[in-house]
Amino acid sequence: MKKIINTPDTLMMEMINGIVLAHPELELINKYKVIKKKKMNDEKVTLISGGGSGHEPAHAGFIGKGMLDAAVCGEVFASPSQIQVYQAIKETQSNKGTLLIIKNYSGDIMNFKNAAHLAKEDGAVVDYVKVEDDIAVEDSLYTVGRRGVAGTVLVHKIAGAAAEEGRSLSDVKTVAQKAADSVRSIGIALTSGTVPAKGTPTFTLEDDEMEYGVGIHGEPGIRREKMMSASQLAERMVKDLLKDLKVSDDNEEELVVLINGFGATPLQELYLFNNEVARELSERNVKICRTFVGNYMTSVDMAGVSVSLMKLDDELKSLINKESDTPAFKVSG
Amino acid sequence: MKKIINTPDTLMMEMINGIVLAHPELELINKYKVIKKKKMNDEKVTLISGGGSGHEPAHAGFIGKGMLDAAVCGEVFASPSQIQVYQAIKETQSNKGTLLIIKNYSGDIMNFKNAAHLAKEDGAVVDYVKVEDDIAVEDSLYTVGRRGVAGTVLVHKIAGAAAEEGRSLSDVKTVAQKAADSVRSIGIALTSGTVPAKGTPTFTLEDDEMEYGVGIHGEPGIRREKMMSASQLAERMVKDLLKDLKVSDDNEEELVVLINGFGATPLQELYLFNNEVARELSERNVKICRTFVGNYMTSVDMAGVSVSLMKLDDELKSLINKESDTPAFKVSG
Amino acid sequence: MNMDLQTGIRWMELFNEDIQQNKDYLTQLDTPIGDSDHGNNMSRGMDQVIQAIEAESPDSLEALLKLVTSTLLSKVGGASGPLYGSAFMGMLKILKGDNTSSWDKVLRGGLDSIQKRGKAEVGDKTMVDVWAPVVKSLENKQLTHVVIEEAVEATKPLKAKKGRASYVGDRSIGHIDPGAYSSALLFQAMLKSEEK
Amino acid sequence: MNMDLQTGIRWMELFNEDIQQNKDYLTQLDTPIGDSDHGNNMSRGMDQVIQAIEAESPDSLEALLKLVTSTLLSKVGGASGPLYGSAFMGMLKILKGDNTSSWDKVLRGGLDSIQKRGKAEVGDKTMVDVWAPVVKSLENKQLTHVVIEEAVEATKPLKAKKGRASYVGDRSIGHIDPGAYSSALLFQAMLKSEEK
Ligand SMILES: Nc1ncnc2c1ncn2[C@@H]1O[C@H](COP(=O)(O)OP(=O)(O)O)[C@@H](O)[C@H]1O
Ligand SMILES: Nc1ncnc2c1ncn2[C@@H]1O[C@H](COP(=O)(O)OP(=O)(O)O)[C@@H](O)[C@H]1O
Ligand SMILES: [Mg+2]
Ligand SMILES: [Mg+2]
Ligand SMILES: [Mg+2]
Ligand SMILES: [Mg+2]
């Protein structure tokens, strides 16, 4: 393992320190590893997300106007503890209540839900939505549902814009839930990432192999397959996503596209891939409202890409186009 | 080589297409591979940069309010031809003239200068500055000077803010030159990048080795060395930079810090490294005015980081804090 | 079996030693079917538990369980934090309700709590697949090291239905569940704490 | 040597063949002391030159040189685009000035132009280190394949002073200069075009 770090034990704290140093509009509550806006708005629903580290810029990079108010940071790939989340809720309460945006993982769900429970016992008004956008995972009665992956960023955006409008907690929750229900993602990996504390790659791929349907924690995907061209890949991923979203060629739907790099894939490839995805969508008469290309929800230093598509109605469309001003996600309104 | 591409021959065109598709405020002049603002401002000095591809988001990602007006795109690591640059100048002329911002490489200098020459013959008002910020390279009478690397982004920012104020071409050039003279960079690589058309890594490093003093084209650095911790690395790089910038402990200087990833290094490491660089600077009583952390000037898919420091006077300080609204560099004024 | 404050502290110390020794192995188990952090999560947690015990010197078994619970819940995170935390909280609840409860009843309270929190059934390839047979054997006074080992081994052929491992579907088959393994360490330590 | 339109076209065709065949090798030479694109730059450029010749069918040597110049300047980029472009432009200038100029004078014009544009001297480890001895040998009527090969080989021990290779300082020693090699291909093709 070759990384620009000191020791895995100190990595998370040093990293989140580096974040607030770069973005002085944010501050760190050291004891609970909570990054929050310095200037909170009491008349706005507070939005909190977070989870394990290793997904940078998620989630601290999405704190700011029109998105999150705070992010709770766990160790690499480990959800923060319920006490950390509880403290984040306590420290950021507004007059309008708090919404937690949780990626659907057993650990995250348990810790965030328990934290909400504890905070409610103290009189806080707290609710949550969970995001489970990864179509790679089978969704059945007998499983825990799908994973929350890069689509979460778009849920932050929608919820953030709604909260910024001064809507009530239940209204913000409703539209955040609609956003979560309208977004689907699928990802592929060209290489494994290396969890710093482990020190060796999570899996090994040959030079002509990829994993189709990976998550953001180095879990293997649905299948190991032969590498394909960008255009074949885009066709396959777009097809799988549209099918799951129930968008067919003559739907005349309008979508948001998010092309997400997993950490080690350069913008060169992400933009090229965007070209292929846009082509696939236009061949299917799907309209693109907005496109985001970049590293938004990474998996440490994995090479690979995910595509997220969000189906828009008028409300979502208006919210996605509202201003957001955060370190890693800026939309000029 | 495993990349999300189709063929190396089509890569550059597909990528720049993907850029304008993601950023509809930009447009592509197909024939000359020029990306420009859709809405030009005739009463502002036009700023053009560019060079070989492979440095994404540079330079197209810096087109927008408060930075560039156009970027001319060459093949990977090959400067665009003089005719491409000439056409870019022709297509983006304003009433205030055009300034070219050139990274100091023989190819870039020759092509951009010739283009300026040709455009002048047509009556265009054109001038240029060159950026040579890389302290890894010996600067002597007998060499071609230093390389232009990530510090170029800060020169774009300064020149862009000055142009946005409506200053004259000569004023914009003067302050751009001051910015170029005030910025220094140094980079290290943990792995080599792979030029798509070549298909194999440019160099090979062992698991405990790094290259100190690399550029952005896969050139080897000053020395191959043993890998160090982030804190040792920061100490060394900051020391080398401050020495070259002639900043000593009791100068009470104020600096801009740019922590630049080379493409395959995740934000996790970049932010952690920022923490170390900030510590080094504060131990030396150097004040940080603003910090930028991200992938700004990459070297295809190289893993590594560079640090750029720009010494500020009042004018530069005011300009660095002005608004810029571009795909890859946003400052809320 | 009987549990008292001294044995309880010894139990936690032995468990901590085993966790630190097996940290890398637990992470390795968490690699093919998880996210490579179980070793770290447990190591961080038990390190904190031992520190808390040293700092606070609990003066009753109840106080000990309380300290372990709150430390795990506040310091661990991941799935194992709240689940192990719930386990100790469930144990504490039984003990509090009736100080004379036998230890197998207390442990059953821990298991119930894990299942209430995590909704996993036996066969879902989780720590429950160790907890359930262990508690049962204890109730039948038949708990041995072998019982524990067999329970862990039995998670191997299962397809995961809960937790992160469930996301990889059929690919989870053929691997030991990391939480089952750490729970085995917990119960091995418990047996050893009594032996001494 | 004499040059006319037919020989000139043949020259460009042979040069193109050699460039395409040596594309990977040129890139390989451009790796330790450059940026791994010289093969691609030259291949792209000569491909365009041949296409232009086919499309425009130049009817004089002057028209041919003009076409080669403009194609290289508009399509190649990098350092080699303007330098090779300048070379042909310099040749064109001499030929235009005096249609009866001997070919060695024309080539000297090319060399002058490269040096005017790139400011490189002999010994700076650039294409000039092939152009200069080649032009001189031609003037002395002593140009052979061996002269060309030796000139390329002689760039190996040099430390680069111009172009991208100069950035790596002492590390440039021990490698053949890629532009010197492609220039050698140019002159080898020139000799072959005359032989046929
Ligand atoms: N719902 C659940 N019920 C019981 N145990 C579970 C459940 N979900 C996960 N586990 C246990 O937690 C272990 C994983 O813990 P850990 O790796 O620390 O957390 P995470 O999965 O959040 O990374 C699994 O091996 C499994 O035994
Ligand atoms: N100033 C110069 N004068 C003469 N030749 C030069 C000069 N700079 C570079 N060259 C030649 O150009 C070659 C490199 O060309 P190429 O790789 O295509 O361009 P770039 O260096 O821009 O990547 C070098 O090997 C050298 O022979
Ligand atoms: Mg985890
Ligand atoms: Mg080049
Ligand atoms: Mg885990
Ligand atoms: Mg080159």
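In the text below, chain A, chain B and the rest are named by the order of the sequence lines, each starting its count at 1.
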Contact part of [X] toward chain C, heavy-atom cut-off under 4.5 Å: side chain, backbone, both or neither?
X	answer
Arg224(A)	both
Ile222(A)	backbone
Pro80(A)	backbone
Phe203(A)	neither
Val76(A)	backbone

What option among [options] has the most heavy-atom pairs under 4.5 Å with chain C?
options	value
Ser106(A), Pro220(A), Gly52(A), Gly221(A)	Pro220(A)
Gln87(A), Lys113(A), Gln84(A), Glu75(A)	Glu75(A)
Ala78(A), Gly51(A), Gly74(A)	Ala78(A)

Is the Tyr25(C) to Tyr181(C) ring centre distance short of 6.0 Å?
->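 Yes: the rings meet the under 6.0 Å criterion.
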
Taking the six-membered ring for Trp and the full ring for Phe, Tyr or His, determine whether the centres of His55(A) and Phe77(A) are under 6.0 Å apart.
->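 Yes, ring centres under 6.0 Å apart.
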
Going by an N to O cut-off under 4.0 Å, is there a salt bridge joining Lys93(C) and Glu62(C)?
-> no

Asp30(C) side chain to Asp37(C) main-chain N or O, any donor-acceptor pair under 3.5 Å?
->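 Checked: pair present.
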
If we ignore angles and hydrogens, is there a donor and acceptor under 3.5 Å between the side chains of Thr27(C) and His38(C)?
->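 There is no such pair between these side chains.
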
